[in-house]
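Sequence lines set the chain letters: A, B, ... in the order given, protein chains first and strands last, and positions in each chain run from 1. Just so it is clear, the values below take in all heavy atoms, side chains as well, and ignore hydrogens, waters and symmetry mates.
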Amino acid sequence: MAIEPGAPGAVAPAEGRRNGGLAGLEKGIRQLNGVMKWVGGIALGAMLLLVVTDVVGTKFFAWPVPGGIELVGFFAVLVAAFPIAYTQWRRGHIEVEYFVEKLSPLPRQIVYGIVTLLGLGLFIVLAWQSYELGRSLQLSGEVSMTQGIPFYPFIYALAFCCLPVCLVLVAQFLKIVLGVVRR
Amino acid sequence: MNPALIGIIGIVAMVVLLFLRVPVGFAMAIVGLAGFSYLTTPAAGFSILAQDFYTNFSSYTLTVIPLFVLMGAFASASGMSKRLYDASYSLLGTMRGGLAIATIAACAGFAAICGSTNAASAVMGKVALPEMKRYNYNDSLATGSVASAGVLGILIPPSTIFIIYGILTEQSIGKLFMAGVVPGIILTVLFVLTIAWLCWRNPALAPRGQATTLRQKIAGLSGLLEMAALFVIVVVGLFLGWFSPTQAAGIGAAAALAIGLARRQIKWPAFKEAIMETLRISCMIMVIVAGAMVFGHFLAVTRIPMELAGWIGGLPIPPAGVMGVIILMYLVFGCIMDALALIMLTIPIIYPVVMSLGYDPIWFGVIIVLVTAMGVITPPVGINVYVVKGIAPGVPLYTIFKGIWPFLIAIVILTVLLIFVPQIVTFLPGMVSY
């Protein structure tokens, strides 16, 4: 689990070791991502189990899982949100690479730096606003229709999942800056 | 400032961000957030960002994406692609060009259980390319056929692109799936005819494979049976209204896992890898969908889609001419952008225009999938070509692109056919109940 060689923010392992604090940050991110993706994986397994149980229950025993649809939706939040940082770390989000790759190395790194900061800004706002949304729903006591499950823990989960994404983007930005300074 | 002008500035800004390599989902969310905040209030813009992300992530309709991706991952991990190829090879391998034809046939089969074009090319390439190399197939034909066969992955249901299109346009995913069946079969036949024609012109391109016994042919058929079983469960289940799309995807994923476990192909490492791959792909798609929703809210405030539809409707150009321009635009942008991202970016703007011209939304979905699929195999960004290059690093990119052209012509022929005979697409969805 590492940033692809040549991708923005990628540095050689030996260089990574020399970066001290940055290497520590990377190690922390890797460990955090390890936990996050497993939470997502368990939620995915639970979602699959729930859908299959619901289908079998409905078709053969006339007993659909109570609140099955809303439970699947709650698991889906965990499936989508927990791997965001891991996906960003693996540079798995779709990008149009063609034009930036044509630039010479220094302008390319500067563009990567700006782009990384934009992403960081987005996820800081998303974390903050998700927290605000979760808090407002917690205070108003809003719950799901069938099972009466509160919405706010899942919105807080989304807010929480943005924090590792911010860490990944900070680490990628620092690598780019270090790369430009050393040049 | 005029909202429509702000909208145009927003679209230009987004294209600039995309070309600067901002991830597609991030770019749409950033521009949508900034534009919506400017046209309403920053507080409204900020709050819509969180609401759109949460609404999308928790959407029951969208859970069809991770579950279908999981089904493809389990099918791949359970070795179905290899068995499909072996089955196709045992039936078709002795023909001239038989290995390439077997690749197309196996890819069409794999497309019936996997919704991704890159995955279909990658999985089939790993199985078929070494075999074709062993039999001294021409590199262009071998790699071109594998890269092109991947296109069947997004045309034959289940298809990730159809799911996204259905969600964005509020069309039935079941009907879209059905709409892809006949064009998918026709494209398979056209690809096979292309190979046969190439081999007829130059027999040295593809020597005959080894003959197989009747026993091997019968044994190979078991590889087709499990694929057929999965297809029946998922697509026929949807067709007959047994399952909703999410239920069909869940049952399909569970069945693919059961096949892998029964065959002892899926053990812990393969299971773990399938889960992680599914998480990565699903998260990537969900972030784009959420970004597209934020961007869509911004566009709605600018009223650009509605005004554009009204403006184009008033032009003294026949609808077919406008459709021609739209198809050309998708073809050009498809060459530099991922198909999924392109559809997410453009559908909120283009779809109202197409509806105002009176075209069938299901037909348009199939046409768009076909046209963007051409971009998947054309330079400079043809992603499937890079996937194949990754599997066959010794073959130059130029050679692979050279091998693509005959198959590209086949896709163009199908597109033209569907434009002039839209009933090929629309007759089957008319029979779907879900």
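The side-chain heavy atoms of C283(B) and H93(A), taken from C-beta on, include a pair separated by under 4.5 Å. Two residues are said to be in side-chain contact when any heavy atoms from C-beta on lie closer than 4.5 Å; F154(A) and F57(B) fail this criterion. Residues L122(A) and L49(B) have side chains in contact (heavy-atom distance under 4.5 Å, counting atoms from C-beta outward). In this structure, L118(A) and F26(B) have side chains that are not in contact, with every pair of non-hydrogen atoms separated by 4.5 Å or more. Looking at R280(B) and K37(A), their side chains never come closer than 4.5 Å, going by heavy atoms from C-beta outward. T278(B) is listed as a side-chain neighbour of L44(A), based on a closest heavy-atom distance under 4.5 Å. Counting heavy atoms from C-beta on, the side chains of F53(B) and L133(A) never come closer than 4.5 Å.
The CG atom of L48(A) sits 7.5 Å away from the CD1 atom of I275(B) when rounded to the nearest 0.5 Å. Atom CG of D54(A) is separated from atom OG of S244(B) by 8.5 Å, given to the nearest 0.5 angstrom.
In this structure, the portion of V287(B) lying under 4.5 Å from any heavy atom of chain A is its side chain and not its backbone. Interface remark: I155(A) contributes backbone and side-chain atoms alike to the contact with chain B (heavy atom separation under 4.5 Å). In this structure, the portions of F151(A) lying under 4.5 Å from any heavy atom of chain B include both its backbone and its side chain. Contact annotation for M284(B): both backbone and side-chain heavy atoms come within less than 4.5 Å of a heavy atom of chain A.
In terms of non-hydrogen atom pairs under 4.5 Å with chain A, the most contact-rich of I288(B), L279(B), I251(B) is L279(B). In terms of heavy-atom pairs under 4.5 Å with chain B, the best-connected choice from A81(A), G119(A), G121(A) is A81(A).
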Counting only pairs under 3.5 Å, give me each side-chain donor-acceptor contact of residues 66-73 of chain B, with atom names and distances, residues two or more places apart or in other chains.
none

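Of all heavy-atom pairs between G250(B) and V51(A), the closest is CA-CG1, 4.0 Å. When all heavy atoms of V115(A) and R21(B) are compared, the closest pair comes out as CG1-O, 3.9 Å. Considering every non-hydrogen atom in both V77(A) and Y54(B), the closest pair reads CG2-CE1, 3.7 Å.
Proximity of a side-chain donor or acceptor of K59(A) to a complementary backbone N or O of F243(B) within less than 3.5 Å is not detected.
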**Message:** Assess the residue pair Q129(A) and Q51(B) against the criterion (side chain to side chain contact (heavy atoms under 4.5 Å, CB included)); give the C-alpha distance rounded to whole Å, side-chain angles, the decisive distance to 0.1 Å, and a yes or no.
**Reply:** CA-CA 9 Å; Q129(A) 284 302 310; Q51(B) 275 175 23; over 6 Å; no
